[in-house]
Amino acid sequence: QVQLVESGGGLVQPGGSLRLSCVASGTIFGVNRMGWYRQAPGKQREVVATVTNGGTTAYADSVKDRFTISRDNTKNTVYLQMSSLKPEDTAVYLCNLELIWSRTNHWGQGIQVTVSS
């Protein structure tokens, strides 16, 4: 069974940077998309960035020029490099794996990112 484990969250000052990592257990077969979502209290969960197994990326407009998503298929790992962080980036960030052919989703536990002075 697939398990997603996130790391790299924490507290950072505005303007700072963090790198999130998400490791998926086992081998991922077929067309798939990994990404990061975030959810803050009182707000709906939103997609932050995604990357397919073929390397196609997509970003939310709010992070487009500040965040970079990448993946290492040999390690089943997806990364989110976050720069120029703002207080409004504060949220629980969740790693997601979507298996396109089976139309199934797997989620990590979530990791807290807090941007504050």
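- Under a hydrophobic clustering in which Ile, Leu, Val, Met, Phe, Trp and Tyr are joined whenever their side-chain heavy atoms come within less than 4.5 Å, directly or via other members, Leu97 and Ile111 fall into the same cluster.
- Side-chain atoms of Val51 and Thr56, non-hydrogen and from C-beta on, never get closer than 4.5 Å to each other.
- Within the 4.5 Å cutoff, side-chain heavy atoms of Gln109 are placed close to those of Glu6.
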inquiry  = Using the rule given for side chain to side chain contact (heavy atoms under 4.5 Å, CB included), can you reason through Asn96 versus Trp36, listing the C-alpha separation, both sets of side-chain angles and the distance that settles it, and then say yes or no?
reply    = CA-CA 6 Å; Asn96 171 261; Trp36 293 93; over 6 Å; no
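- Partner of Met34 under the side chain to side chain contact (heavy atoms under 4.5 Å, CB included) criterion, out of His106, Arg71, Glu98: Arg71 alone.
- Leu94 and Val63 end up in different hydrophobic clusters when Ile, Leu, Val, Met, Phe, Trp and Tyr side chains are linked at under 4.5 Å.
- In terms of heavy-atom proximity, Arg38 sits nearest to Ala91 at CB-CB, 3.8 Å.
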key: CA sep, side-chain torsions, deciding dist, call: Leu20, Val113, side chain to side chain contact (heavy atoms under 4.5 Å, CB included)   = CA-CA 9 Å; Leu20 304 183; Val113 172; 4.1 Å; yes
task = Apply the test side chain to side chain contact (heavy atoms under 4.5 Å, CB included) to residues Thr52 and Val31: give CA-CA distance (whole Å), side-chain angles for both, the deciding distance (0.1 Å), then the verdict.
result = CA-CA 8 Å; Thr52 69; Val31 179; over 6 Å; no
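- Thr50 and Val47 make their closest contact through CG2-CG2, 3.7 Å (heavy atoms, listed as atom of the first residue, atom of the second, distance).
- Counting heavy atoms from C-beta outward, Gln112 and Tyr93 have side chains that stay 4.5 Å or more apart.
- Annotation for Ser84 and Ser17: closest pair N-OG, 4.4 Å, computed over non-hydrogen atoms.
- The aromatic rings of Tyr37 and Trp107 lie perpendicular to each other, with more than 60° between the two planes, well past the 30° mark.
- With rounding to the nearest 0.5 Å, the separation of OG1 in Thr57 from CZ in Phe67 is 14.5 Å.
- The distance from the OG atom of Ser117 to the CG atom of Leu11 is 9.5 Å, given to the nearest 0.5 Å.
- Scanning all heavy atoms of the two residues, the minimum distance from Lys86 to Val115 falls at O-CB, 3.2 Å.
- When only modelled atom types and interatomic distance are considered, Ser116 and Thr114 share no side-chain donor-acceptor pair under 3.5 Å.
- Looking only at atom types and distance, the side chain of Glu88 has no donor-acceptor partner in the side chain of Thr90 under 3.5 Å away.
- For the atom pair OG1 (Thr104) and CG (Leu99), the distance works out to 4.0 Å, reported to the nearest 0.5 Å.
- Atom-to-atom distance recorded for Ser21:OG and Lys75:NZ is 9.5 Å, nearest 0.5 angstrom.
- The hydrophobic cluster containing Val23 does not contain Leu4, counting ILVMFWY residues as joined when their side-chain heavy atoms lie under 4.5 angstrom apart, directly or transitively.
- Considering all non-hydrogen atoms of both residues, Val78 and Cys95 come closest at CG1-SG, 3.9 Å.
- Rounded to the nearest 0.5 Å, atoms CZ (Arg33) and CG (Asn105) are 8.5 Å apart.
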task = Show the numbers, then the answer: is there a side chain to side chain contact (heavy atoms under 4.5 Å, CB included) between Thr77 and Tyr79?
result = CA-CA 7 Å; Thr77 302; Tyr79 307 94; 3.4 Å; yes
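- Atom CZ of Arg66 sits about 13.5 Å away from atom NZ of Lys64, to the nearest 0.5 Å.
- Side-chain contact check for Asn73 and Asn53: no donor-acceptor pair (N or O, by modelled atom type) lies under 3.5 Å.
- Of all the heavy atoms in Ala49 and Tyr59, the pair that sits closest is CB-CD2, 3.6 Å.
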